[in-house]
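One-based numbering along the sequence shown. Atoms considered below: every heavy atom in the structure, side chains included; atoms not considered: hydrogens, waters and symmetry mates.
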Amino acid sequence: MLQWCRREAIEAKLPCYRSAHRYRGKVIVFEKPLFPGYVFVFTPKERRTKIRQCDHLASLLDVPDQAVFLRQLEDILLALKTDLEIKLAPTIGEGMRVKVKSGPLRGVEGWVEKRHGMSTVLIRLDFIGQAAAVKLEATELELI
């Protein structure tokens, strides 16, 4: 979609982050989309017909508050230019059922009790009719 927009002279952005993997002793760095499946297109309403003709488009979303959206996107793009590690954080909230995907509790399932900031999650694990709670990083969890 991004290449199509460039060919058609339509402004578009695809926020990407660097992901390094080790293969046979070599480190290979990939560029991965921060929001897989989304390309951010900037065009006047009268040009939307042209965008809808693209074979790579699944859906076109309207953004009600353009100013807030543009500010947030610029903040994300600025953060991506730094050397900080940036990845999409899962939207895990209270009451959601989750599974631990890494660490010593890998495979254990539980319910989110509480969020502590952006990264820490308190999950409830039920054992033999009794509950125990443990704090984990949100990146260690996946939604069930």
Side-chain angles (χ1 to χ4, degrees), residues 1-45 47-48 51-52 54-144:
M1 178 74 183
L2 185 62
Q3 292 172 348
W4 181 88
C5 286
R6 287 180 179 154
R7 279 195 312 268
E8 298 296 324
I10 296 171
E11 185 183 357
K13 302 223 186 263
L14 179 63
C16 293
Y17 67 96
R18 289 189 176 100
S19 176
H21 295 280
R22 185 176 301 277
Y23 295 104
R24 298 181 186 153
K26 294 182 182 180
V27 176
I28 308 293
V29 178
F30 297 94
E31 290 273 322
K32 291 184 174 182
L34 186 61
F35 306 103
Y38 290 89
V39 173
F40 301 98
V41 178
F42 307 93
T43 187
K45 287 186 179 186
R47 293 222 40 210
R48 288 189 183 173
I51 293 170
R52 282 184 167 69
C54 177
D55 292 335
H56 306 289
L57 179 71
S59 181
L60 190 60
L61 304 175
D62 282 321
V63 178
D65 192 335
Q66 292 286 318
V68 170
F69 173 76
L70 288 172
R71 189 171 54 252
Q72 290 174 343
L73 182 59
E74 286 304 319
D75 289 346
I76 288 168
L77 294 171
L78 179 64
L80 287 168
K81 289 179 184 177
T82 68
D83 288 334
L84 298 172
E85 183 178 344
I86 299 171
K87 292 184 180 177
L88 189 60
T91 53
I92 294 174
E94 292 180 18
M96 294 182 167
R97 187 155 171 76
V98 293
K99 181 173 159 181
V100 180
K101 63 181 183 178
S102 63
L105 295 177
R106 183 179 180 167
V108 172
E109 297 179 7
W111 290 266
V112 176
E113 282 289 313
K114 199 171 204 173
R115 289 284 311 235
H116 298 282
M118 291 297 290
S119 61
T120 308
V121 179
L122 180 67
I123 65 169
R124 185 182 77 238
L125 308 171
D126 290 329
F127 299 100
I128 58 168
Q130 299 293 314
V134 63
K135 276 188 181 180
L136 294 169
E137 294 295 310
T139 55
E140 295 179 39
L141 304 172
E142 62 185 13
L143 293 174
I144 299 179

*Asks:* Under the salt bridge (Lys or Arg N to Asp or Glu O under 4.0 Å) rule, what pairs show up with a residue in residues 23-39, not counting sequence neighbours?
*Replies:* R18-E31
*Asks:* List for me each residue that meets side-chain hydrogen bond (donor to acceptor under 3.5 Å, both in side chains) alongside R47, sequence neighbours excluded, and say none if there are none.
*Replies:* none
*Asks:* Compare all side-chain heavy atoms of V98 with those of L136 and state whether any distance is below 4.5 angstrom.
*Replies:* no
*Asks:* Which residues pass the side chain to side chain contact (heavy atoms under 4.5 Å, CB included) test with L78, sequence neighbours left out?
*Replies:* none
*Asks:* With rounding to the nearest 0.5 Å, note down the distance linking NZ in K13 to CG in L77.
*Replies:* 6.0 Å
*Asks:* Looking at every non-hydrogen atom in both residues, tell me the closest pair between I51 and L57 and how far apart they are.
*Replies:* O-CD2, 3.7 Å
*Asks:* Which residues pass the ring-ring contact (aromatic ring centres under 6.0 Å, His included) test with H21, sequence neighbours left out?
*Replies:* F30
*Asks:* By side chain to side chain contact (heavy atoms under 4.5 Å, CB included), which residues pair with R124, not counting sequence neighbours?
*Replies:* W111, E113, D126, A131
*Asks:* Do L2 and H56 have side-chain heavy atoms sitting under 4.5 Å apart?
*Replies:* no
*Asks:* Tell me every residue that passes side chain to side chain contact (heavy atoms under 4.5 Å, CB included) with E8, counting only those two or more places apart in sequence or in another chain.
*Replies:* W4, I10, K50
*Asks:* Do you know which two heavy atoms are closest between P15 and L80, and how far apart they sit?
*Replies:* CB-CD1, 3.6 Å
*Asks:* Start with the C-alpha distance between I123 and V100, add both sets of side-chain angles, then the distance that settles side-chain contact (heavy atoms from CB on, under 4.5 Å), and finish with yes or no.
*Replies:* CA-CA 10 Å; I123 65 169; V100 180; 4.1 Å; yes
*Asks:* Got a second to check how far F40's CZ is from Y38's OH, nearest 0.5 Å?
*Replies:* 8.0 Å
*Asks:* For E11, enumerate each residue passing the salt bridge (charged side-chain N to carboxylate O under 4.0 Å, His left out) test, keeping only those at least two apart in sequence or located in another chain.
*Replies:* none
*Asks:* Output side-chain donor-acceptor pairs under 3.5 Å for residues 65-74, partner residues at least two apart or in another chain, one line each.
*Replies:*
residue: D65; atom: OD1; partner: A67; partner atom: N; Å: 3.4
residue: D65; atom: OD1; partner: V68; partner atom: N; Å: 3.3
residue: Q66; atom: NE2; partner: V63; partner atom: O; Å: 3.0

*Asks:* Which residues satisfy the side-chain hydrogen bond (donor to acceptor under 3.5 Å, both in side chains) test with Q3, sequence neighbours excluded?
*Replies:* none
*Asks:* For K101, give me all partners under side chain to side chain contact (heavy atoms under 4.5 Å, CB included), at least two apart in sequence or on another chain.
*Replies:* E142
*Asks:* Looking only at heavy atoms, which two atoms of V41 and C5 are closest? And how far apart?
*Replies:* CG2-SG, 4.1 Å
*Asks:* Once rounded to the nearest 0.5 Å, what's the spacing between atom CG of L143 and atom CE of M96?
*Replies:* 6.0 Å
